[in-house]
Amino acid sequence: MSQMLNELKKARDIYLPNCPEWFEGSLGKVQLEQIECFFARLRERNKELNLTARDSLEELAILHFLDSLYILNMLPKQHSLNYLDLGTGAGIPGVILKILLPNYKTVLIDARQKRLKFLDEVIAELALQEIITVHGRFEDLAHEAEFRGEFQVVTARAVAELPVLLEYAAGFLARDGVFLGQKGSQAQAELAEAQGAMRKLNLSLLENFEFTLPVAEAKRAILKFALVANLAKKYPRSAAQIQKAKLI
């Protein structure tokens with residue numbers, strides 16, 4: 001067994017007591033080997049593409065894989081749906097969730113073409129189906145008919161502060177779709193600041209899940225929002241407007 005695979009199994013075992021019943025049995029050898037391959041390619045290209053600041057074997061397993069696993073507890077109990085990872089970067093959590101939930105029709109959006117090219121190579125190597133990468137700005141793509149209101153689940157990790165992130169995400173959500181924002185130690189302060197944005201964007205907080213990862217006692221939160229009424233057509237605003245003033 002490779003050292004990376006061993007670290008992934010340790011991370012999985014930390015998570016298993018929290019695993020939802022509907023997902024039990026889906027964290028097996030095949031999935032872990034695919035994630036091992038993904039992380040191996042990530043480490044090979046990290047210096048060139050600056051994919052992640054934390055790429056030791058333990059950090060990949062805990063700060064990226066285990067961190068992504070906790071999203072499973074927040075997902076709708078549907079075997080097939082449209083899923084978007086917004087600002088996917090190195091493909092976390094988007095590629096990991098696609099491996100674990102192969103029936104999800106997955107879109108990975110990012111503004112950095114080189115990172116998307118890397119992800120295209122990984123997707124081809126792993127023979128993943130029904131997953132595409134899209135290059136563009138969030139505030140523009142959210143107004144395109146192909147993407148607006150099309151996703152039952154949207155995730156984002158380390159993309160922007162929460163009031164801005166909610167504005168980016170809302171345009172992609174289907175009515176009653178959920179947005180899962182992965183945040184760090186400032187999650188609760190950002191949530192307090194985002195109350196005005198939530199009202200204007202018709203987003204309701206469904207869940208506020210806090211946990212600590214066993215590497216440097218890293219504090220994490222996953223904030224789960226639902227789009228509870230139709231979004232006004234003007235959102236998201238232009239990049240210049242967003243930069244000038246957050247929704248309050």
Side-chain angles (χ1 to χ4, degrees), residues 1-20 23-75 85-102 104 106 108 110 112 114-116 118-119 121-123 125-126 128 131 155-159 180-188 190 208-224:
M1 182 188 303
S2 74
Q3 188 177 351
M4 181 74 255
L5 193 57
N6 187 52
E7 292 292 339
L8 291 173
K9 287 187 174 181
K10 284 195 275 185
R12 177 195 61 185
D13 291 345
I14 291 170
Y15 171 71
L16 280 178
N18 302 286
C19 186
F23 192 75
E24 287 180 1
S26 299
L27 272 170
K29 183 172 182 288
V30 172
Q31 289 85 359
L32 291 184
E33 287 179 346
Q34 284 185 302
I35 292 167
E36 177 190 27
C37 179
F38 169 44
F39 282 160
R41 299 297 171 264
L42 188 155
R43 295 186 86 205
E44 289 170 4
R45 303 288 297 282
N46 192 28
K47 287 186 179 179
E48 172 194 351
L49 299 175
N50 190 28
L51 296 166
T52 175
R54 313 291 287 272
D55 72 347
S56 74
L57 298 183
E58 183 185 33
E59 287 171 335
L60 288 171
I62 298 297
L63 297 180
H64 299 316
F65 177 51
L66 179 58
D67 193 36
S68 298
L69 286 179
Y70 281 105
I71 294 175
L72 297 172
N73 300 64
M74 320 276 283
L75 293 172
D85 190 25
L86 189 63
T88 192
I92 301 167
V95 172
I96 292 172
L97 291 183
K98 178 60 183 179
I99 290 170
L100 299 177
L101 300 160
Y104 275 26
T106 300
L108 311 176
D110 205 273
R112 291 158 291 191
K114 287 184 178 180
R115 292 187 176 187
L116 293 178
F118 161 73
L119 292 175
E121 293 168 1
V122 168
I123 289 165
E125 181 174 0
L126 297 178
L128 300 177
I131 176 171
T155 60
R157 184 178 190 248
V159 171
L180 303 174
Q182 293 175 272
K183 286 291 180 179
S185 60
Q186 298 303 308
Q188 305 314 314
E190 290 190 39
N208 180 353
F209 175 58
E210 295 182 281
F211 58 100
T212 301
L213 294 173
V215 170
E217 293 297 303
K219 294 186 181 299
R220 294 285 191 269
I222 303 175
L223 305 174
K224 180 178 181 178

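Considering only residues two or more places apart in sequence or on other chains, Arg45 meets the side-chain hydrogen bond (donor to acceptor under 3.5 Å, both in side chains) condition with Glu48, Glu121.
The heavy-atom pair separating Glu125 from Cys37 by the smallest distance is OE2-SG, 3.4 Å. The minimum heavy-atom distance linking Gly94 with Thr106 is given by the pair O-CG2, 4.5 Å. Closest heavy-atom contact between Leu63 and Ala218: CD2-CB, 4.1 Å. In terms of heavy atoms, Arg12 sits closest to Gly28 at NH1-CA, 4.5 Å. Annotation for Leu66 and Ala11: closest pair CD1-O, 3.6 Å, computed over non-hydrogen atoms. Pro214 and Ile62 make their closest contact through CD-CG2, 3.8 Å (heavy atoms, listed as atom of the first residue, atom of the second, distance).
Classified by interplanar angle (parallel below 30°, tilted 30° to 60°, perpendicular above 60°), the ring pair Tyr70/Tyr15 is perpendicular.
Atom CD of Gln186 has 12 or fewer heavy atoms from other residues, nucleotides or ligands within 6.0 Å.
Here CD of Gln182 is found 3.5 Å from CD1 of Ile71. Values are rounded to the nearest 0.5 Å. Atom CZ of Phe39 sits about 5.0 Å away from atom CD1 of Ile92, to the nearest 0.5 Å. Phe38 contributes atom CZ, which lies 8.5 Å from atom CG of Leu126 (distance to the nearest 0.5 angstrom). To the nearest 0.5 Å, atoms CD (Glu7) and CD (Glu59) are separated by 10.5 Å.
Identified under the salt bridge (charged side-chain N to carboxylate O under 4.0 Å, His left out) test for residues 65-74, with sequence neighbours left out: Asp67-Arg157, Asp67-Arg220.
Among the candidates Leu75, Leu101, Asn73, the single residue satisfying the side chain to side chain contact (heavy atoms under 4.5 Å, CB included) test with Phe23 is Leu101.
With His64 contributing its side chain and Arg54 its backbone, the two residues share a donor-acceptor pair below 3.5 Å. At least one donor-acceptor pair under 3.5 Å links the side chain of Asn46 to the backbone N or O of Thr52.
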Would Leu100 and Leu69 satisfy side chain to side chain contact (heavy atoms under 4.5 Å, CB included), going step by step from the backbone distance to the final call? CA-CA 9 Å; Leu100 299 177; Leu69 286 179; 3.6 Å; yes
